[in-house]
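Have a look at the structure below before the remarks.
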Amino acid sequence: MPELPEVETIARGLAATIVGKRIARVDVRLKKMAPAPPGVRWSSVVGERVIGIGRRAKYAVLTLESGRALVTSLRMTGRLVVQRPHETDYPGTHVVLGFDDGSRLSFADVRTFGRMRLVLPGEPWDAELGVEPLSTGFTPEAFIGMLRGRTTPIKALLLDQRRVAGIGNIYACEALWEARIRPSRPSRALTKPAIRRLHNAIVDVLERALDLRGTSVDDYVDAEGLRGGFQNALAVYGRLGEPCLRCGAPIVRTVLAQRGTWWCRACQR
DNA sequence: CCGCCGCCCTGCTTGC
DNA sequence: TGCAAGCAGGGCGGCG
C-alpha cells in the first residue's frame, strides 16, 4: 500500500517521464474516482502543460502551468503508471491523461478506493496535513510536543495524518519495532528517550525504504510498473509467528486502530 | 477538540 | 472440489 516512500518513488518516476508534456486528452471513465470541482470540467485541463510533480504526505501532486494541480490519493491498490503510445491500458484503469506525444498516464485501481482531484490555484487542500517526516520541520522536540498529554496509542498517533504525514501501517509497525516500543502504549506514557528513539526510527525506516524504492507486499508498483525492494527488509510487518530479528521471540499480530499490527512482545515495551 | 467506529471495494487466502 | 467467509486498509463522515 503506497505510503511516503512508495509515493515519492512514483513521483520521481513521473518527474522523469511526463514533466514538460502537454495534456491532449482526458478520459474519466469512473466519475467517482475523479469528481470534477463544482463548475469546472475535466476537459479544461486539455492543452495544459505539466510543469512539475511532487509528493505531499501520501499524495502525488502534478502541477499544471495554470497553477492548478492534480492531486492523487492511491489508497491501497491505486497505481499511476506511464504507458507508451501503443501499449494497452493497464488493467483496472479508470482515468487516463493522454499527452501530446501519444504517451499516457493511467490511474488504475481494482478496488476503486483511490481518488484524483483537480485543485484550483490557492486552494488549501493540504491544510490539515501534518509535518513531513523527512523535512527539517520534523524535529525530536516537535515530536515530543505532539505526544504530550495524548492518551491515544502511539501507533494510532503515527497513522494520524494531521500529526506526521505520510506514515501508513507498514512503516508505523516497522518504526515501532526499531524503537523497541509497544504499539499500544499511550503516547503520553513514552519517555523522552523513547520518543527520540522513535523519531530516529521513523526517519531511518522511511529513508531505507526510499533507498529501496518502497515496499511491494502485494500491489505496489512504481511509475514504470516496477516493484520495490523493501519487502525483503521488513522486520515485523506480515511476519506472524516468525522469529524476531532482534531477540528471536515469535512475532505476534494484534488489531489496533482497526489495523493489523505486527510486533514483538518480548522486546517492544 | 478528541477518540472511536463503520464504510467503501475486490482479489486473494483460508477453512469446511 | 466448490463455495463462503475472512482479510487487506487509507481516508472520510458520523457520533458521543
Side-chain angles (χ1 to χ4, degrees), chain A residues 1-11 29-35 37 55-61 70-80 90-95 107-117 119 123-130 132-133 145-176 183-189 202 206 209 214-221 227-228 230-231 234 236-242 251-263:
Chain A
M1 34 243 73
E3 305 178 25
L4 185 156
E6 292 77 30
V7 180
E8 181 69 31
T9 301
I10 290 167
R29 298 169 191 171
L30 188 58
K31 289 213 181 330
K32 74 158 189 174
M33 288 195 57
R55 177 198 59 78
R56 171 79 170 105
K58 303 174 196 172
Y59 299 87
V61 182
L70 294 173
V71 177
T72 304
S73 166
L74 299 168
R75 299 285 183 96
M76 276 76 70
T77 48
R79 300 179 177 193
L80 281 174
Y90 202 85
T93 292
H94 300 298
V95 181
F107 178 29
D109 189 347
V110 287
R111 285 165 69 181
T112 71
F113 275 14
R115 294 290 183 271
M116 183 179 281
R117 283 186 61 191
V119 171
E123 194 179 333
W125 69 273
D126 64 343
E128 301 299 315
L129 293 173
E132 284 289 328
M146 281 180 216
L147 273 58
R148 190 170 295 138
R150 307 188 58 87
T151 58
T152 200
I154 183 60
K155 189 196 175 197
L157 186 135
L158 294 183
L159 295 175
D160 185 346
Q161 303 298 297
R162 295 169 302 176
R163 315 285 167 193
V164 183
I167 301 171
N169 200 33
I170 294 175
Y171 299 112
C173 290
E174 293 296 310
L176 287 164
S184 60
R185 280 192 76 187
S187 302
R188 68 180 179 190
I202 289 166
L206 292 175
T215 302
S216 296
V217 279
D218 51 329
D219 284 294
Y220 161 71
V221 291
R227 288 166 58 83
F230 198 71
Q231 62 276 11
L234 294 172
V236 281
Y237 183 87
R239 294 190 65 239
L240 176 63
E242 294 176 44
I251 298 301
V252 298
R253 178 188 180 274
T254 55
V255 175
L256 205 159
Q258 289 89 244
R259 302 288 179 265
T261 302
W262 288 265
W263 56 291

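Every chain is numbered from 1 and lettered A, B, ... according to where its sequence line falls, protein lines coming before strand lines.
- The nearest whole Å value for the distance from the CZ atom in A:R75 to the P atom in B:dT10 is 15 Å.
- Rounded to whole Å, atom C1' of C:dG11 lies 10 Å from atom CZ of A:R115.
- For the pair A:D109 CG and B:dC8 P, the computed distance is 16 Å after rounding to whole Å.
- Between the CD atom in A:Q161 and the CZ atom in A:R163 there is a gap of 11.5 Å [rounded to 0.5 Å].
- Note that CG of A:L30 is 11.5 Å distant from OG1 of A:T93, once rounded to the nearest 0.5 Å.
- Within the nucleic acid shown, A:G114 has no heavy atom closer than 4.0 Å to any nucleic acid atom.
- Judged as a ring pair (Phe, Tyr, Trp, His ring centres under 6.0 Å), and not counting sequence neighbours, the contacts of A:Y59 are A:W125.
- Among the nucleotides C:dG11, B:dG11, B:dC5, the one closest to any side-chain atom of A:Q258 is B:dC5.
- In this structure, CD1 of A:I170 is placed 15 Å from C1' of C:dC7, rounded to the nearest angstrom.
- Comparing the start and finish of the helix from B:dC2-C:dG16 to B:dC16-C:dG2, five pairs each, the helix axis swings through 50°, to the nearest 10 degrees.
- Salt-bridge annotation for A:D160 and A:R162: present, with a side-chain N of the basic residue lying under 4.0 Å from a carboxylate O of the acidic one.
- Salt-bridge formation is detected for the pair A:E132/A:R55: a Lys NZ or Arg NE/NH1/NH2 atom is positioned less than 4.0 Å from an Asp or Glu carboxylate oxygen.
- Across the protein-nucleic acid pair, A:R148 atom CZ and B:dC2 atom P stand 14 Å apart, rounded to whole Å.
- Going from atom CG of A:L4 over to atom P of C:dG11 covers 11 Å, rounded to whole Å.
- Side-chain atoms of A:R111 and base atoms of B:dG11 include no donor and acceptor less than 3.5 Å apart.
- OP1 or OP2 of B:dC9 sits under 4.0 Å from a side-chain N or O of A:K32.
- A:L240 places its CG atom 11 Å from the P atom of B:dT14, with the value rounded to the nearest Å.
- Electrostatic pairing of A:R117 and A:E123 counts as a salt bridge here, judged by a charged N lying under 4.0 Å from a carboxylate O.
- Between A:D109 atom CG and A:M116 atom CE the span is 11.0 Å, to the nearest 0.5 Å.
- Here the side chains of A:V95 and A:R29 are not in contact, with every heavy-atom distance at 4.5 Å or above.
- In this structure, the side chains of A:R259 and A:C173 stay at 4.5 Å or more apart for every pair of heavy atoms.
- If you check B:dC9, C:dG10, C:dA8 against the side chain of A:M76, the one that comes closest is C:dG10.
- Dashed line: the shortest gap from a side-chain N or O of A:K58 to OP1 or OP2 of C:dG10 is not under 4.0 Å.
- Rounded to whole Å, the distance from CD on A:Q231 to P on C:dA8 is 18 Å.
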Show your working on side chain to side chain contact (heavy atoms under 4.5 Å, CB included) between A:I251 and A:W263 and close with a plain yes or no. CA-CA 6 Å; A:I251 298 301; A:W263 56 291; 5.9 Å; no

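- Between A:R117 and C:dG11 there is no side-chain polar atom (N or O) within less than 4.0 angstrom of OP1 or OP2.
- Within residues 149-163 of chain A, the residues approached by DNA chain C to less than 4.0 Å at the level of any non-hydrogen atom are A:Q161, in residue-number order.
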